[in-house]
Amino acid sequence: MFNVVGIRFKKAGKIYYFDPDGLHIERDDTVIVETTRGIEHGVAVLPKKLVEEDDVVLPLKKVIRVASQKDRQIIAENNEIEKQAFVLCLEKVKEHNLEMNLVDVEYSFDKSKVVFFFTADGRVDFRELVKDLALVFKTRIELRQIGVRDEAKMLGGIGPCGRMLCCSTFLGDFEPVSIKMAKDQSLSLNPTKISGICGRLMCCLKYENDDYEAIKEIMPDVGKVIRTPLGKGEVIGLNVLERIMKVSLKEQEKIVEYTLDELIEEGLLPTATARK
């Protein structure tokens with residue numbers, strides 16, 4: 001077991017575990033840590049806790065210190081420099097006539113490296129751009145191409161639902177989303193209705209998908225003939241979340257709604273299905 005604290009380097013970024021090294025660290029404290037990218041600052045989002053060895057990446061790096069007032073001042077200065085670097089890089093991109101869209105700039109805490117994030121339709125030869133930027137900033141330069149989902153996460157925005165983007169507010173990692181999820185939830189397959197502002201399938205299609213899959217294993221498919229208290233009928237519609245089936249009773253010439261629990265209690269669904 002290892003004693004760790006959870007640190008985030010971006011608002012909705014991935015949580016990384018660090019050794020608190022005996023320091024008193026509370027939730028929302030800004031801390032200075034050593035990472036593979038150099039000295040960085042982050043925010044403690046998980047208080048001290050014990051985790052299994054399989055949950056950490058060894059060797060576990062230590063928290064250097066809780067950020068002081070001087071550290072906070074350096075962070076504020078870096079934020080201002082990043083804004084200037086963004087404008088200058090835009091100018092350089094235009095000078096070199098490169099087909100790339102600059103998204104964000106990020107300085108390491110100790111200014112040992114500056115990372116420029118960009119999107120592009122294909123590969124970009126930015127070697128001359130890197131040389132120009134290195135002459136201006138006199139530090140290590142890294143240009144990192146990111147995808148459209150990462151771009152949306154960095155820039156933020158408002159989704160089709162009217163709320164701030166999930167990826168920019170609380171989603172630490174992107175999970176795979178497939179068109180099958182939209183089909184299972186009986187959603188319109190119109191790309192404009194199931195795509196986010198990034199142009200990819202909406203992350204929220206994943207949220208209820210496990211419930212849909214679990215309940216659909218229990219409920220009969222549309223078109224299947226089942227027994228009901230009023231006789232046999234054909235399933236013509238499903239409300240998966242409310243566990244309701246719409247059944248057409250041809251002999252009675254009417255449509256009746258039944259809940260899944262109602263039919264299970266009546267013993268009208270196969271026992272193998274009911275056991276699920």
Side-chain angles (χ1 to χ4, degrees), residues 1-86 103-117 137-144 146-147 149-159 163-175 203-204 206-207 210:
M1 300 288 283
F2 290 87
N3 194 23
V4 301
V5 289
I7 307 295
R8 260 193 181 136
F9 297 100
K10 295 181 182 294
K11 181 180 178 182
K14 185 178 179 180
I15 298 175
Y16 296 88
Y17 288 141
F18 285 83
D19 180 354
D21 197 26
L23 296 172
H24 178 68
I25 301 173
E26 297 182 352
R27 186 188 295 272
D28 297 328
D29 278 349
T30 300
V31 295
I32 308 301
V33 297
E34 182 181 357
T35 72
T36 54
R37 299 198 309 173
I39 305 299
E40 299 282 3
H41 72 277
V43 176
V45 293
L46 294 177
K48 290 182 184 179
K49 67 174 184 176
L50 290 173
V51 298
E52 299 287 346
E53 182 176 347
D54 293 341
D55 294 328
V56 299
V57 178
L58 298 176
L60 196 61
K61 293 186 177 296
K62 297 180 180 181
V63 175
I64 298 174
R65 62 182 179 273
V66 176
S68 63
Q69 185 59 39
K70 183 178 180 181
D71 291 329
R72 294 177 185 277
Q73 185 177 347
I74 292 173
I75 294 170
E77 291 173 356
N78 286 349
N79 290 338
E80 289 302 315
I81 297 174
E82 286 170 354
K83 295 176 184 177
Q84 299 171 17
F86 187 91
V103 176
D104 199 10
V105 180
E106 187 178 287
Y107 260 91
S108 62
F109 175 78
D110 57 2
K111 297 184 179 67
S112 61
K113 183 171 71 172
V114 56
V115 183
F116 295 87
F117 299 92
F137 297 106
K138 294 179 173 57
T139 188
R140 184 182 169 192
I141 302 294
E142 180 180 340
L143 267 73
R144 187 176 302 171
I146 60 174
R149 296 180 83 189
D150 294 300
E151 180 183 17
K153 186 179 183 72
M154 285 184 174
L155 298 180
I158 299 175
R163 299 175 65 89
M164 298 300 292
L165 297 182
C166 298
C167 60
S168 65
T169 52
F170 65 87
L171 282 183
D173 291 311
F174 290 113
E175 294 193 32
C203 294
C204 54
K206 175 70 176 174
Y207 298 168
D210 291 343

Problem set entry | Distance (rounded to the nearest 0.5 Å) between Asp104 CG and Ile146 CD1 | 8.0 Å
Exercise. Roughly how far, to the nearest 0.5 Å, is CG of Leu165 from CG of Leu171?
Worked result: 10.0 Å
For this session: Please work out which of the three classes, parallel, tilted or perpendicular, describes the rings of Tyr207 and Phe170, given edges at 30° and 60°.
Result: tilted
Exercise. Under 4.5 Å between any side-chain heavy atoms of Tyr17 and Ile7, yes or no?
Worked result: no
Exercise. Got Glu53 and Phe2 here, is their nearest side-chain heavy-atom distance under 4.5 Å?
Worked result: yes
Exercise. Is Arg65 close to Asp71 at the side-chain level, that is, under 4.5 Å between some pair of heavy atoms?
Worked result: yes
Problem set entry | Partner of Val63 under side-chain contact (heavy atoms from CB on, under 4.5 Å), chosen from Asp29, Val5, Asp21, Val4 | Val5
Exercise. Which heavy atom of His24 sits nearest a heavy atom of Val66, and at what distance?
Worked result: O-CG2, 3.9 Å
Exercise. Heavy atoms, side chains only, cut-off 4.5 Å: are Glu34 and Ile64 in contact?
Worked result: yes
Exercise. Any side-chain heavy atom of Asp150 within less than 4.5 Å of one from Phe174?
Worked result: yes
Exercise. Within the side chain of Glu82, is there an N or O that forms a donor-acceptor pair under 3.5 Å with the backbone of Tyr107?
Worked result: yes
For this session: Could you pull out the closest heavy-atom pair between Ala85 and Val105, with the gap in Å?
Result: CB-CG1, 4.0 Å
Exercise. Below 4.5 Å, heavy atoms only, C-beta onward: do Phe117 and Glu106 meet side chain to side chain?
Worked result: yes
For this session: Identify the heavy atoms of Ser168 and Gly157 that sit nearest to each other, and give their distance.
Result: OG-N, 4.5 Å
Exercise. Taking Ser108 for the side chain and Lys113 for the main chain, is one N or O donor matched with an acceptor at less than 3.5 Å?
Worked result: yes
For this session: Using a cut-off of 6.0 Å, state whether more than 12 heavy atoms not belonging to Lys10 lie near its atom NZ.
Result: yes
Problem set entry | Residue pair Val114, Arg140: steps toward the side-chain contact (heavy atoms from CB on, under 4.5 Å) verdict | CA-CA 6 Å; Val114 56; Arg140 184 182 169 192; over 6 Å; no
For this session: Determine whether Glu77 and Glu80 make a side-chain contact, defined as any pair of heavy atoms from C-beta on separated by less than 4.5 Å.
Result: no
Exercise. Do any N or O atoms from the side chain of Arg8 and from the backbone of Ile15 form a donor-acceptor pair under 3.5 angstrom?
Worked result: no
Problem set entry | Rounded distance (nearest 0.5 Å) linking atom CG of Asp110 with atom CD1 of Ile32 | 10.0 Å
For this session: Give a yes or no answer on whether the side chain of Arg27 reaches the backbone of Val45 with a donor-acceptor pair at less than 3.5 Å.
Result: yes
Problem set entry | Heavy-atom side-chain contact between Val43 and Val31 under 4.5 Å | no
For this session: Report yes or no: does Asn78 contribute a side-chain atom to a donor-acceptor pair with the main-chain N or O of Phe109 at less than 3.5 Å?
Result: yes
Problem set entry | Polar side-chain atom of Lys153 near backbone of Cys167 as donor-acceptor pair, under 3.5 Å | yes
For this session: Supply the atom-to-atom distance Ile75 CD1 to Lys70 NZ, rounded to the nearest 0.5 angstrom.
Result: 13.0 Å
Exercise. Can you tell me if Lys48 uses its side chain to pair, donor with acceptor, with the backbone of Leu23 under 3.5 Å?
Worked result: yes
Exercise. Any idea how Phe9 and Tyr16 line up, ring-wise: parallel (<30°), tilted (30 to 60°), or perpendicular (>60°)?
Worked result: tilted
Exercise. Does any N or O in the side chain of Thr139 come within less than 3.5 Å of the main-chain N or O of Ser112, such that one atom is a donor and the other an acceptor?
Worked result: yes
For this session: First locate atom OG1 of Thr169, then atom CE of Met164, and finally report the distance between them rounded to the nearest 0.5 Å.
Result: 7.5 Å
For this session: Heavy atoms only: give me the nearest Glu175-Arg149 pair and the separation to one decimal.
Result: O-NH2, 3.7 Å
